[in-house]
Amino acid sequence: MKVRVGHLYPDYLNIYADRGNIAVFDRRAALRGHELEVTPISIGDEVFAGEHDLLYIGGGQDREQALVAPDLVGKAPGIEAAVAGGTALLAVCGGYQLLGRGYLGRHGDSMPGVGLFPHETVAGERRMIGDVLLECELEPGERRALAGFENHAGRTRLDPGAEALGRVVAGFGNDGESGYEGVRVGRAIGTYLHGPLLPRNPWLADWLLAQALAHATGGEPPELEPLPDRLEAEAHAVSAQRARDRGGRF
Ligand code: GLN
């Protein structure tokens, strides 16, 4: 199969090597005989529902976020229609913030958001920095650990009843208080975890790939053939241990 990926603002939002997540999708798709076709979507480009099986947006500093936010809001109808139609989506940090209702940045910049995710973000005085460990349950009964690195001033408050990506085992998470991290809306996932996220969490890469394949085929998410993932498991273990050792408070 061909998996069509739309990469939003690769030229603006790519902090902490977030584009490494695309390399992971590409390789893991190829090892299962699928081809990833990645199209950059930047300022002035439109998003049409149905054109992408997976949308991806990375993180950035407030400055880059402010540069893309007005344009991103113009893409809101296309992004919302795409996700409603079963397109998978991964949003990291700055992109995660901008897919909510809005972000009030550290220097008072009020950035409008897409409104796909049920949250709002306001920057606080102290940055929340360090390794993070989460417990996630994207499929009922299947608990998985997610490890990564966070560095954000934004405090993201989920609306009551919103589904978080995971529960914080160590680290700050959405706001340093709620005990939750990230958000999930159907096949769309938002998170603060960088590092990049997917090389050390291949199970999430495969979950997203399977959702993207389901969109491509119009069927159910396929069972993907397991890969050895020895280095990935080591990277995960190191990252998870660092998070546990640190605890995750100021
Ligand atoms: N600029 C945002 C914040 O500080 C996002 C940072 C990031 O993408 N790492 O909260």
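Each ligand, and each atom within it, is numbered from 1 in the order the structure gives. A quick note: this is a predicted structure, and the numbers were derived from the prediction, not measured.
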S.K.: If we ignore angles and hydrogens, is there a donor and acceptor under 3.5 Å between the side chains of T156 and D175?
M.R.: no
S.K.: Using modelled atom types and a 3.5 Å cut-off, is there a donor and acceptor pairing between side-chain atoms of N14 and backbone atoms of D18?
M.R.: yes
S.K.: Could you check atom 5 (C) of ligand 1 against the protein and tell me its nearest heavy-atom contact, residue, atom and distance included?
M.R.: G60 O, 3.3 Å
S.K.: Do me a favour and list the nearest non-hydrogen protein atom to atom 2 (C) of ligand 1 with residue, atom name and distance?
M.R.: Q65 OE1, 3.1 Å
S.K.: Let's go through D131 and R246 carefully: what are the C-alpha distance in whole Å and the side-chain angles of both, what is the deciding distance for salt bridge (Lys or Arg N to Asp or Glu O under 4.0 Å) to 0.1 Å, and is it a yes or a no?
M.R.: CA-CA 8 Å; D131 297 281; R246 149 202 192 238; 5.8 Å; no
S.K.: So, H119 versus Y96, ring centres under 6.0 angstrom or not?
M.R.: yes
S.K.: Using a 3.5 Å distance criterion without hydrogens, assess whether the side chain of E150 forms a donor-acceptor pair with backbone atoms of F172.
M.R.: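 The answer is yes, because a donor-acceptor pair under 3.5 Å joins these two groups.
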S.K.: Is ligand 1 less than 4.0 angstrom away from at least one heavy atom of H194?
M.R.: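 Under 4.0 Å: yes for H194.
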S.K.: Pull out every atom of ligand 1 sitting under 4.0 Å from any heavy atom of R127, numbered as shown with elements.
M.R.: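 Near R127, meaning under 4.0 Å from one of its heavy atoms, ligand 1 has 3 (C), 4 (O).
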S.K.: Of all the heavy atoms in A123, does at least one lie under 4.0 Å from an atom in ligand 1?
M.R.: no
S.K.: Should we say atom CZ of F149 is surrounded by more than 12 heavy atoms from elsewhere, each under 6.0 Å from it?
M.R.: yes
S.K.: What atoms in ligand 1 come closer than 4.0 Å to a heavy atom of H152?
M.R.: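 That gives atoms 3 (C), 4 (O), 10 (O) of ligand 1.
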S.K.: Geometry only, no angles: is Q97 polar-contacting ligand 1 at N/O separations under 3.5 Å?
M.R.: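 Yes.
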S.K.: Check ligand 1 against G154 and write out every atom of the ligand that is under 4.0 Å from a heavy-atom position of the residue.
M.R.: 3 (C), 10 (O)
S.K.: Is there a nitrogen or oxygen of G59 sitting under 3.5 Å from a nitrogen or oxygen of ligand 1?
M.R.: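 Among all N and O atoms of G59, none is under 3.5 Å from an N or O of ligand 1.
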S.K.: With a 4.0 Å cut-off on N to O distance, would you call R157 and E177 a salt bridge?
M.R.: yes
S.K.: Salt bridge or not between R200 and D229? Use side-chain N to carboxylate O under 4.0 Å.
M.R.: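 The answer is no: the pair does not qualify as a salt bridge.
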S.K.: With a heavy-atom distance limit of 4.0 Å, tell me whether Y192 approaches ligand 1 through its side chain, its backbone, both, or neither.
M.R.: neither
S.K.: Is there a polar contact, in the sense of an N or O pair closer than 3.5 Å, between C93 and ligand 1?
M.R.: no
S.K.: With heavy atoms under 4.0 Å as the rule, classify the contact between N151 and ligand 1 as side chain, backbone, both or neither.
M.R.: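 The answer is the backbone.
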S.K.: So for atom CZ, which belongs to R184, do other residues, nucleotides or ligands contribute more than 12 heavy atoms lying within a distance under 6.0 Å?
M.R.: yes
S.K.: Does any N or O atom in Q61 lie less than 3.5 angstrom from one in ligand 1, N or O only?
M.R.: no
S.K.: Return yes or no for this condition: an N or O of I15 is under 3.5 Å from an N or O of ligand 1.
M.R.: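 No; every N/O pair is 3.5 Å or more apart.
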